[in-house]
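What follows is a short report on a single structure.
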Amino acid sequence: QVQLVESGGGLVQAGGPLRLSCAASGRAFSRYTMSWFRQAPGKEREFVATVTWRRDGTYYADSVKGRFTISRDNAKNTLYLQMNSLKPEDTAVYYCAAVSGPLMTTSSRLYELWGQGTQVTVSS
């Protein structure tokens, strides 16, 4: 069983960068497709980005495309989200999530494992 712990959240000014990390415990990390989701106050959780277990595929929500980069280091059991050109509307709790298998999916209902979340606040 893989457990997920996010870190790297905080307060940043609009236009600035922030890098989130998600550390995974357990031996099967490389067998999971990994993703980032976010949830703003009063809104539903939404998909942000995903990367396949072999790092041969990524997919982004339109709202973050060109600004955010998802990556993973299977040797370190760590998932990353590099966020650049942040906007106030990026303010949310960010969650990493894992689904077993090689296929990418944006549906949160299909994800088996979730971290506890890390708060990102972007000031204008």
Side-chain angles (χ1 to χ4, degrees):
Q1 185 78 354
V2 173
Q3 293 183 326
L4 308 175
V5 179
E6 301 96 334
S7 61
L11 175 64
V12 62
Q13 288 189 334
L18 204 61
R19 188 194 198 198
L20 304 183
S21 298
C22 174
S25 62
R27 301 180 180 178
F29 176 76
S30 61
R31 299 180 182 178
Y32 288 83
T33 288
M34 300 295 299
S35 297
W36 290 97
F37 289 80
R38 66 186 182 186
Q39 188 167 19
K43 296 186 177 181
E44 293 186 353
R45 190 169 299 188
E46 66 173 357
F47 168 79
V48 175
T50 187
V51 58
T52 56
W53 59 356
R54 295 179 179 175
R55 300 169 295 168
D56 56 355
T58 58
Y59 182 75
Y60 297 90
D62 287 342
S63 58
V64 306
K65 198 173 297 182
R67 299 187 298 121
F68 290 10
T69 302
I70 189 171
S71 62
R72 65 189 293 168
D73 185 335
N74 288 342
K76 295 183 178 180
N77 281 10
T78 304
L79 175 72
Y80 302 100
L81 185 67
Q82 178 65 46
M83 305 184 293
N84 296 327
S85 302
L86 281 162
K87 304 175 182 180
E89 50 263 44
D90 294 318
T91 295
V93 177
Y94 283 71
Y95 299 89
C96 65
V99 57
S100 57
L103 300 180
M104 296 188 289
T105 178
T106 63
S107 174
S108 61
R109 296 175 298 172
L110 299 179
Y111 282 78
E112 305 155 31
L113 303 170
W114 292 85
Q116 84 288 349
T118 186
Q119 176 71 47
V120 172
T121 303
V122 184
S123 62
S124 57

State yes or no: do [X] and [Y] share one hydrophobic cluster built from I, L, V, M, F, W and Y residues joined by side-chain heavy-atom distances below 4.5 Å, directly or via other members?
X: Tyr80; Y: Val51; answer: no
X: Met104; Y: Val99; answer: yes
X: Tyr59; Y: Tyr94; answer: no

Measuring from [X]:[atom1] to [Y]:[atom2], what's the distance to the nearest 0.5 Å?
X: Glu44; Y: Ser108; atom1: CD; atom2: OG; result: 8.5 Å
X: Ser21; Y: Leu81; atom1: OG; atom2: CG; result: 9.5 Å
X: Cys96; Y: Arg72; atom1: SG; atom2: CZ; result: 11.0 Å
X: Cys22; Y: Asn77; atom1: SG; atom2: CG; result: 10.0 Å
X: Ser71; Y: Met34; atom1: OG; atom2: CE; result: 11.5 Å
X: Thr58; Y: Phe68; atom1: OG1; atom2: CZ; result: 14.5 Å

Check: So Thr50 and Thr106, side-chain contact (heavy atoms from CB on, under 4.5 Å) or not? Walk me through it.
Finding: CA-CA 8 Å; Thr50 187; Thr106 63; 5.6 Å; no
Next item on the list: Can you see which heavy atom on Asn84 is nearest to which on Pro17, and at what distance?
Entry: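 For Asn84 and Pro17, the tightest heavy-atom pair comes out as OD1-CB, 3.5 Å.
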Next item on the list: Could you tell me which non-hydrogen atom of Ser35 sits nearest to which non-hydrogen atom of Leu79, and how far apart they are?
Entry: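 It is O-CD2, 3.8 Å.
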With a 3.5 Å distance limit and no angle check, can you tell me whether [X] reaches the backbone of [Y] through a side-chain donor-acceptor pair?
X: Thr91; Y: Val122; value: yes
X: Asn74; Y: Trp53; value: yes
X: Ser124; Y: Pro88; value: no

Note to self: Show every ring pair (Phe, Tyr, Trp, His ring centres under 6.0 Å) that has at least one partner inside residues 13-45, sequence neighbours left out.
What the structure shows: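 Every ring pair (Phe, Tyr, Trp, His ring centres under 6.0 Å) pair that includes a residue of residues 13-45, provided the two are not neighbours, is Phe37-Phe47, Phe37-Tyr111, Phe37-Trp114.
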Side chains of [X] and [Y]: does their closest heavy-atom pair fall under 4.5 Å?
X: Tyr95; Y: Leu4; answer: no
X: Val64; Y: Met83; answer: no
X: Thr33; Y: Thr105; answer: no

With a cut-off of 6.0 Å (strictly less than), are more than 12 heavy atoms of other residues, nucleotides or ligands near [atom1] of [X]?
X: Tyr60; atom1: OH; result: yes
X: Gln119; atom1: CD; result: yes
X: Arg67; atom1: CZ; result: yes

Notebook entry, point to check: Can Asp62 and Lys65 be counted as an ion pair, charged N to O under 4.0 angstrom?
Noted result: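 Yes, this pair counts.
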Note to self: Does either side chain, that of Glu112 or that of Ser100, offer a donor lying less than 3.5 Å from an acceptor on the other one?
What the structure shows: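 Ser100 and Glu112 do have a side-chain donor-acceptor pair below 3.5 Å.
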Item checked: Residues which pass side chain to side chain contact (heavy atoms under 4.5 Å, CB included) with Gln116, listed by chain and number, not counting sequence neighbours ->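 Gln116: side chain to side chain contact (heavy atoms under 4.5 Å, CB included) contacts with Val5, Glu6.
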